[in-house]
Amino acid sequence: MTYDEFFQTAMAGQGGSISMPPYPYQIKLATQGAWPELLHVPTGVGKTAATVLGWLYRRQFAADETRRATPRRLVYCLPMRTLVEQTREACLRWRTNLRLSEEQLAVHVLMGGEDAGHWDEHPERDAILIGTQDML
C-alpha cells in the first residue's frame with residue numbers, strides 16, 4: 001500500500017466523501033529518511049495526521065528495515081486536556097478506518113482523572129500514548 005492510499009483510507013469520511021491527498025511534507029515524513037527533530041509547519045495543515053499516520057505507516061506498512069528502525073511506541077505530549085481528547089478521537093477514527101484492531105494498535109490516554117488502562121503491558125505491540133506533560 002502506498003502512503004497516499006494509506007493516508008486516504010485513514011482520512012476517509014473527513015471533510016466530505018472524497019478525502020484530500022496528503023501534503024508533500026506528510027509523505028516525506030512517512031517515507032523518507034530519519035524523523036526530524038523539529039516539525040515546523042503552520043497551524044491547520046495536518047501536523048497530528050502527519051505525525052501519527054507517518055509513524056503508523058512506518059511501523060505497519062513500510063519496508064522491513066524501516067519497521068525495525070521505528071519505535072513501537074509513539075508518545076504524544078500535549079499542553080491541554082482538550083487537545084489530548086481531540087487527538088485520541090482522531091487516532092481511534094484512523095485506527096477504525098484502517099481496520100486495525102486494538103491488539104494491532106493500542107491507543108492510551110495518560111491524563112489526570114482518566115484510567116490509562118494497562119498501557120505498560122504488551123511492549124511487543126504498537127501503541128500510541130497521548131497525554132499531558134504532567135502525566136507523561
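Positions are given from 1, in the same order as the sequence printed here.
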> Can you list everything that forms a side chain to side chain donor-acceptor pair (under 3.5 Å) with Thr82? Sequence neighbours excluded, please.
none
> Only counting residues at least two apart or in another chain, list the ones meeting side chain to side chain donor-acceptor pair (under 3.5 Å) with Thr2.
Glu5
> Residues in side chain to side chain donor-acceptor pair (under 3.5 Å) with Tyr76, at least two apart?
Thr48
> Of all heavy-atom pairs between Ala49 and Trp94, which one has the smallest distance, and what is that distance?
CA-CH2, 3.5 Å
> Which atom pairs, one a donor and one an acceptor, fall under 3.5 Å between side chains of residues 129-136 and the rest of the protein, sequence neighbours left out?
residue: Thr132; atom: OG1; partner: Asp134; partner atom: OD1; Å: 2.5

> Report, one line per pair, each donor and acceptor closer than 3.5 Å where one atom sits in a side chain of residues 27-34; sequence neighbours left out.
residue: Thr31; atom: OG1; partner: Ile27; partner atom: O; Å: 2.7

> Can you tell me how far CG of Leu53 sits from CG of Leu98, rounded to the nearest 0.5 angstrom?
7.0 Å
> Applying ring-ring contact (aromatic ring centres under 6.0 Å, His included) between Phe61 and each of Phe6, Trp55, Phe7, report the one that passes.
Phe6
> Identify the heavy atoms of Pro21 and Gln8 that sit nearest to each other, and give their distance.
CA-NE2, 3.5 Å
> Applying side chain to side chain donor-acceptor pair (under 3.5 Å) as the test, list every pair that has at least one member in residues 35-46; sequence neighbours left out.
none
> Please find the pair of heavy atoms, one from Ile128 and one from Cys91, that lie closest to each other, and give the distance.
CD1-SG, 4.0 Å
> Using a 4.5 Å cut-off on heavy atoms from C-beta on, say whether the side chain of Met11 contacts that of Pro22.
no
> Could you note down all residue pairs passing salt bridge (charged side-chain N to carboxylate O under 4.0 Å, His left out) where residues 101-112 supplies at least one of them, sequence neighbours left out?
Glu103-Arg125
> Does a side-chain heavy-atom distance below 4.5 Å link Arg93 with Asn97?
yes
> Counting only N and O atoms by type, is there a donor-acceptor contact under 3.5 Å from the side chain of Gln26 to the main-chain atoms of Gly46?
yes
> Between His108 and Ala127, which heavy-atom pair has the shortest distance, and what is it?
CD2-CB, 4.5 Å
> What heavy-atom pair brings Gln60 and Arg67 nearest, and what distance separates the two atoms?
O-NH2, 3.0 Å
> Is there any salt bridge (charged side-chain N to carboxylate O under 4.0 Å, His left out) pair reaching into residues 44-65, and which pairs are they, with sequence neighbours excluded?
Arg59-Asp126
> Minimum heavy-atom separation for Arg81 and Met111, please, with both atom names.
NH1-CG, 3.4 Å
> Please identify each residue that fulfils side chain to side chain donor-acceptor pair (under 3.5 Å) with Glu89, with sequence neighbours left out.
none
> Could you tell me which residues satisfy ring pair (Phe, Tyr, Trp, His ring centres under 6.0 Å) with Tyr23, sequence neighbours excluded, listed by chain and number?
none
